[in-house]
**Student:** 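Encoded as structure tokens, here's the structure I'll be asking about.
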Amino acid sequence: MPRLATFNVNSIRRRVPHLKRFLARHQPDLLFLQELKCRTEEFPALELAETGYRLHAVGQPGGRNGVAVLGRVPFEVTAEALPGEAADDHARFVTVKALGGEIAGLYLPNGNSGGEAGFAYKLRWMERLAAWAAERLDHFTPVALLGDFNVCPTAADLAPGALPPTDALVRPESRARFRALLNLGLTDALRALHPAEAPYTYWDYGPAFDTNRGLRIDHILLSPEWAERLSGCGVDTAARAEDQPSDHAPVWCELNFG
DNA sequence: ATGACCATGTTACATGGA
């Protein structure tokens, strides 16, 4: 029963204890991290060595972005960047071959900074992501996409009034491209198992968590082979309730193999 | 009823985040 998980840590160097506690609570087989906010060589590999997980970090100078994968099952890193734009040096994407398929960990651009050019970058990035997924689905490769998508897919995926309608996380163009991903044949795992609720995965710092004024922006998307085997999915809100937490909570899913 | 964050880089703010 392999478990996959995603966790936007909002600085890995500030969140090592939280990460260790999450690993102990959930023991995911593969965990994808976002917003490392450090260079690759600054990733706290030594502090995490005791967990026994294999680590692969993709950092970036300047304290922005950054993704990583941790595994206790064998995995092979297949890419450290999203194809489709040679000049794109953001550390937002890592892929591995594992569990008989290919799995992407991603940190999608927020799209609220940099004006319309920044928003266009987000939309282009989503189209490149769809191309990456389509290529694998066309070959019937089992695929999972996990990460911080920075999109609330529907109005049910954020607390009323939590964001203005002009925000890049809820703009129709962003939502249309998220739907385009689903229309390739991917299943939104959390939505599939919890259709009536829409568990949030992010709460702003301050009173938002206590009042449950949150957003659902961290997602796990599964190709049909794995969606059929989806046996559990949830949000680890315990991580968000800890001291000095990330503003995101981890999302996990369990696949019923064999 | 009201108020109200955090992280980085660089050094008292600016920027990004969502």
Side-chain angles (χ1 to χ4, degrees), chain A residues 6-19 32-44 47 57-68 88-93 105-123 125-126 129 146-175 177-178 190 198-220 235-237 239-251:
Chain A
T6 174
F7 188 10
N8 179 324
V9 290
N10 189 15
S11 172
I12 185 59
R13 289 175 292 181
R14 300 263 178 172
R15 233 62 74 187
V16 167
H18 308 72
L19 175 54
F32 293 85
L33 304 179
Q34 302 89 39
E35 280 209 88
L36 303 180
K37 294 191 170 180
C38 69
R39 299 164 182 268
T40 302
E41 61 271 24
E42 293 169 329
F43 188 85
E47 296 173 60
V58 183
Q60 180 181 313
R64 301 239 162 85
N65 308 321
V67 293
D88 188 352
D89 57 357
H90 291 208
R92 296 182 176 276
F93 192 72
L106 61 102
Y107 176 46
L108 219 145
N110 175 303
N112 280 309
S113 64
E116 280 306 303
F119 186 57
Y121 173 66
K122 174 182 191 145
L123 299 182
W125 210 96
M126 297 187 79
L129 182 63
L146 296 89
D148 178 356
F149 284 67
N150 269 319
V151 178
C152 303
T154 72
D157 297 310
L158 74 165
L163 293 175
T166 53
D167 193 284
L169 278 63
V170 299
R171 276 177 64 170
E173 300 94 324
S174 307
R175 286 177 165 169
R177 280 156 184 81
F178 188 87
L190 194 56
Y200 301 141
T201 66
Y202 164 93
W203 298 262
D204 196 8
Y205 289 114
F209 184 64
D210 288 337
T211 56
N212 197 27
R213 191 179 166 90
L215 315 174
R216 191 173 77 94
I217 53 177
D218 301 272
H219 305 301
I220 299 177
V235 181
D236 182 54
T237 51
R240 185 62 182 81
E242 293 179 339
D243 285 339
Q244 301 182 320
S246 168
D247 40 7
H248 294 251
V251 182

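Side-chain atoms are counted along with the backbone in the values below, which use heavy atoms only and exclude waters and symmetry mates. Below, chain A is the first sequence line, B the second, and so on; all start at residue 1. Every value quoted in this text rests on a predicted model; they were computed, and no experiment measured them.
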**Student:** Counting side-chain heavy atoms from CB outward, which of B:dA7, B:dA4, B:dG17 is closest to A:Pro207?
**Tutor:** B:dA4
**Student:** A:Leu215 side chain: which of B:dT8, B:dC6, B:dA18 is closest?
**Tutor:** B:dA18
**Student:** For a quick check of understanding: with a heavy-atom distance under 4.0 Å over all strands, which category does A:Asn150 fall into, base, sugar-phosphate or nothing?
**Tutor:** sugar-phosphate
**Student:** Are the side chains of A:Leu106 and A:Trp125 in contact, using a 4.5 Å heavy-atom criterion?
**Tutor:** yes
**Student:** Just to confirm, is there a sub-4.0 Å distance from OP1 or OP2 of B:dT8 to any side-chain nitrogen or oxygen of A:Ser11?
**Tutor:** yes
**Student:** Give A:Arg216 one of three labels, base, sugar-phosphate or nothing, depending on what nucleic acid heavy atoms sit under 4.0 Å from its own.
**Tutor:** nothing
**Student:** Quick one: label A:Tyr107 by what it contacts on the DNA or RNA (base, sugar-phosphate, nothing), any heavy atom closer than 4.0 Å.
**Tutor:** sugar-phosphate
**Student:** So, does A:Ser113 get its side chain near the phosphate of B:dG17, meaning an N or O under 4.0 Å from OP1 or OP2?
**Tutor:** yes
**Student:** Main chain of A:Tyr107, side chain of A:Gln34: is a donor-acceptor contact present, judged purely on distance under 3.5 Å?
**Tutor:** no
**Student:** In whole angstrom, what separates A:Asn65's CG from B:dG17's P?
**Tutor:** 7 Å
**Student:** Side chains of A:Asp148 and A:Asp218, heavy atoms from C-beta outward: is any pair under 4.5 Å?
**Tutor:** yes
**Student:** On the nucleotide B:dA4, are OP1 or OP2 found under 4.0 Å from the side-chain N or O atoms that A:Arg213 carries?
**Tutor:** no
**Student:** Out of B:dT8, B:dA18, B:dG16, which nucleotide sits closest to the side chain of A:His248?
**Tutor:** B:dA18
